[in-house]
Structures are given as structure tokens and as C-alpha cells.
Amino acid sequence: MNKPIIALLYDFDKTLCTQDMQNYAFIPSLGMDPDAFWKEANTFGWQQEMDGILAYMYTMLRKCRELGIPLTRESLVEKGRSIELFPGVKEWFGRINAFGESLGVEIEHYVLSSGLKEIIEGSGISHEFKMVYASEFYYDETGTPVWPKLDVNFTAKTQFVYRINKGVLAVSNDKDLNASMPDDSKRIPFTNMIYVGDGLSDVPCMKMMRAYGGQAIAVYQAGNRLGVEELLSRGRVDFIFPADYREGTALDSTVKNIIRKMAITDALVAENTEQLKSVGQFEVPFQASLFE
């Protein structure tokens, strides 16, 4: 019998790292400060009535072209090496995986980010994730970015929650994603999901978690504590914690308790299923008797 799977889904910017990932090395390489770059990108998007993620990706290409700065996948990956992760993030994945294994469940980690996949690949933790769903460029035969390959805006993130739920992980496979699937055939139930984010950009996924029985957690730095407190007061998240992933922190303890609860629930469901099979009731759903 396969182990139950519990999925932890993460935003990246200000959730696993301390600021927008472009701020560490890419924007300084343009000779700009982050506020100026984001103002220019956002203004362009508003003027052109363009999706905000596509607007910043286009602005990246345009600024590099104007300044004569080569932009390749490799250069973006290299800039990811400058990312500053929150305390304990590097050790978090192995520790949580081991905790899940001790309870008889498998833990999987996923990123759902409006940042760039290429920069995440240079962060030093990309190997910890089963899938990284993030915005990405398509590159021509010379390695030059020429078109957006994937645009992960705030509401589009929910698509990837469904992909994880059904086990349809390839972004090009829309047919199976949209096909009807019985709940008991879905690879990871929503009730076995934990979403970790930092603010309003994560609200669609957080609301989805709470609506379908998963858990939503918001992490904060000192500067955005009031924002996440509002998420809690409005019922958009279940818990809020400082962005400290070290062993023994409140975040660490609560995530372990959630995993423990999910593991117990899965064990009880499995035990109930086995008992129903043993008495020949498994093929007769209880609801059917209401209509007999």
C-alpha cells in the first residue's frame, strides 16, 4: 500500500527569501534600485493594460536590451545565487521529510511563485521541490529569452493547486487537468495540503485551502506583520508566524502538528476502508441507502 502524501505549497518571494528575488542581483545589474525598477514595470503594465507579471518580464528584457546587458538562462540562474533565505529554510525540507516519514507519510514540496523559475534554480534549494511552478522565459537556439514560457500571476496559482491535487503536473497537459476524476483517484487530497505564503498575492490559494479542508499559513517579517494579522482576522489564513523555519520555532511546531493530524486522519480513513471491505460493505456507499 502506498504511503499517504502530504503536500506543502510555498510562495517564494518574502516567504522563503527575504524580498523579491529580482532585487538581490538582477535589478542592481541594471544600475537601478528596486523601487525604480518596479515603478517602471508597474507603470508600463497599467498604461498598456497588461498582466503585471508579463509587464515585469517585458521590462526585464527591454532594460537589458537598452543597456546592452546580455540576458540568458545561465545569467539568471547565476543571479539566483545571491538570494538570502530566511533562517532555517535550507534545513527545513530534510527535517520535515524525516518527520513525515516517522509518521508513515510522504512529504512533497512545491513552489507556486510569480517570480522567475530561472532565479529560483540558482537559489540552492530548487532540488528540494517536486515541481517549481514559476514564471519563466522561452529561449531561442542562442539561449536568448524571446517569449514568456509561463506567466504565474496571483490567480493563476490556483491552477497549480489543482494540478498537484490530480497529479497532472505537466503544464502542457490541460486535457487531463480538465477531465473529470473521482475524488478517491486524486493523488493528493486538498485536505492533505498546507499552503505557506506572505500576503495578498497568496489569498486565492489560501482561500482555496480553507474552502477545501487544507491549511493556510502566512509568514511575516517585522515590516508586514500588520498585513498578515489582517489576513488572520478576516479568516483568510489559519495561522500566522514569523518567517523563521528553524527547528523548535512556532512555525516548525505547528506545521508538524498539522502533519501529525493529517497522518492520523489518513490512518483512520484507511482503517475504516479495510473494515468496510472485510464486511463486504466497501462497494455500497452509505449515501446510497438514503435513496433505497
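Predicted, not measured: the structure shown is a model, and the values here were computed from it. No hydrogens, no waters, no symmetry mates; every other heavy atom, side chains included, goes into these values. We're numbering straight along the sequence, starting at 1.
Although no hydrogens or angles enter the test, the distance criterion places a donor-acceptor pair under 3.5 Å between the side chain of Thr254 and the main chain of Ala250. The backbone N or O of Asp244 sits less than 3.5 Å from a side-chain atom of Thr249, completing a donor-acceptor pair. For the pair Thr158 (side chain) and Thr155 (backbone), a donor-acceptor distance under 3.5 Å is present. Between the side chain of Asn165 and the main chain of Val161, no donor-acceptor pair closer than 3.5 Å is present. Thr265 places a side-chain N or O within donor-acceptor distance of the main-chain N or O of Lys261, the cut-off being under 3.5 Å. Formation of a donor-acceptor pair under 3.5 Å by the Thr43 side chain with backbone atoms of Lys39 is found in this model. Of the possible polar contacts, none joining the Asp11 side chain to the Thr15 backbone as a donor-acceptor pair under 3.5 Å is found. Although no hydrogens or angles enter the test, the distance criterion places no donor-acceptor pair under 3.5 Å between the side chain of Asp20 and the main chain of Gln22. A donor-acceptor pair is defined here as one N or O able to donate and one able to accept, closer than 3.5 Å; no such pair exists between the side chain of Thr191 and the backbone of Gly214.
Atom SG of Cys64 and atom CD1 of Ile69 lie 5.5 Å apart (nearest 0.5 Å). Taking OG of Ser126 as the start and CD of Glu118 as the end, the distance is 11.5 Å to the nearest 0.5 Å. In this structure, Ile6 CD1 and Gln215 CD are separated by 11.0 Å, a value rounded to the nearest 0.5 Å. In this structure, CG in Leu67 is found 8.5 Å from CE in Met32, a value given to the nearest 0.5 Å. Atoms CG and CD1, on Asn192 and Ile164 in that order, are 13.0 Å from each other to the nearest 0.5 Å. The structure places CG of Asp33 at 9.5 Å from CG of Asn23, a figure rounded to the nearest 0.5 Å.
Among residues at least two apart or in separate chains, ring-ring contact (aromatic ring centres under 6.0 Å, His included) pairs with a member in residues 225-246 are Trp92-Tyr245. Within the structure, ring-ring contact (aromatic ring centres under 6.0 Å, His included) contacts touching residues 52-77 (residues at least two apart or in different chains) are Trp38-Tyr56, Phe44-Tyr58. Within the structure, the salt bridge (charged side-chain N to carboxylate O under 4.0 Å, His left out) test picks out the following pairs touching residues 192-202 (sequence neighbours left out): Lys157-Asp202. Within the structure, salt bridge (charged side-chain N to carboxylate O under 4.0 Å, His left out) pairs that include any residue of residues 89-107 comprise Arg95-Asp252 (at least two apart or interchain).
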- Message: Could you walk me through whether Leu9 and Ile194 satisfy the side-chain contact (heavy atoms from CB on, under 4.5 Å) test, starting with their C-alpha distance in whole Å, then the side-chain angles of each, then the deciding distance to 0.1 Å, before giving a yes or no?
- Response: CA-CA 6 Å; Leu9 287 54; Ile194 305 168; over 6 Å; no
- Could you walk me through whether Arg81 and Glu121 pass the salt bridge (Lys or Arg N to Asp or Glu O under 4.0 Å) check? CA-CA 9 Å; Arg81 306 195 195 289; Glu121 288 175 355; over 6 Å; no
- Message: side-chain contact (heavy atoms from CB on, under 4.5 Å) for Val152 and Leu150? Distances and angles first, verdict last.
- Response: CA-CA 6 Å; Val152 182; Leu150 189 62; 3.9 Å; yes
- Evaluate the side-chain contact (heavy atoms from CB on, under 4.5 Å) criterion for residues Phe12 and Met21: first the C-alpha distance (whole Å), next the side-chain angles of each, then the deciding distance (0.1 Å), finally the verdict. CA-CA 8 Å; Phe12 202 91; Met21 63 184 68; 3.7 Å; yes
- Task: Begin from the C-alpha positions of Thr18 and Tyr24 and carry the test side-chain hydrogen bond (donor to acceptor under 3.5 Å, both in side chains) through to its verdict.
- Result: CA-CA 10 Å; Thr18 60; Tyr24 295 100; 2.7 Å; yes
- Verify ring pair (Phe, Tyr, Trp, His ring centres under 6.0 Å) between Phe129 and Phe93, making sure each step is shown before the conclusion. CA-CA 9 Å; Phe129 304 107; Phe93 306 98; 5.2 Å; yes
- Task: Output, in order, the C-alpha distance, side-chain angles, deciding distance and verdict of side-chain contact (heavy atoms from CB on, under 4.5 Å) for Ile83 and Ile119.
- Result: CA-CA 9 Å; Ile83 282 178; Ile119 296 179; 3.7 Å; yes
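Open room surrounds CD on Glu49; 12 or fewer heavy atoms of other groups in view lie less than 6.0 Å from it. Counting non-hydrogen atoms of other residues, nucleotides and ligands closer than 6.0 Å to CD of Glu84 gives a total of 12 or fewer.
Scanning for side chain to side chain contact (heavy atoms under 4.5 Å, CB included) contacts around Met131 gives Tyr110, Tyr133, Leu169, with sequence neighbours left out. Contacts of Ser29 classified as side-chain hydrogen bond (donor to acceptor under 3.5 Å, both in side chains), with partners at least two apart in sequence or in another chain: none. For Tyr162, the side chain to side chain contact (heavy atoms under 4.5 Å, CB included) partners are Leu177, Phe190, Met208, Tyr212, not counting sequence neighbours. Shown here are the side-chain hydrogen bond (donor to acceptor under 3.5 Å, both in side chains) partners of Asn97, two or more places apart in sequence or in another chain: His109. Residues passing the side-chain hydrogen bond (donor to acceptor under 3.5 Å, both in side chains) test with Asp51 are Asn153, sequence neighbours excluded. Annotation: side-chain hydrogen bond (donor to acceptor under 3.5 Å, both in side chains) contacts of Gln159 (sequence neighbours excluded): Arg163. For the salt bridge (charged side-chain N to carboxylate O under 4.0 Å, His left out) test, residues two or more places apart in sequence or in another chain that qualify with Arg210 are Asp238. For Glu40, the salt bridge (charged side-chain N to carboxylate O under 4.0 Å, His left out) partners are Arg62, Lys63, not counting sequence neighbours.
By the criterion of side-chain heavy atoms lying less than 4.5 angstrom apart, applied directly or through intervening Ile, Leu, Val, Met, Phe, Trp or Tyr residues, Ile53 is grouped together with Tyr139 in one hydrophobic cluster. Neither Leu112 nor Ile125 shares a network with the other; the hydrophobic side chains, linked directly or stepwise wherever heavy atoms of I, L, V, M, F, W or Y lie under 4.5 Å apart, form separate groups for each. Grouping the Ile, Leu, Val, Met, Phe, Trp and Tyr side chains by contacts below 4.5 angstrom, directly or via other members, places Ile5 apart from Val132.
Using a 4.0 Å cut-off between charged side-chain N and carboxylate O, Arg73 and Glu78 make no salt bridge. No salt bridge links Arg234 with Glu229; every basic N to acidic carboxylate O contact stays at or beyond 4.0 Å.
For Lys256 and Phe99, the positive end sits near the middle of the six-membered ring, less than 6.0 Å away and at most 45° from its axis.
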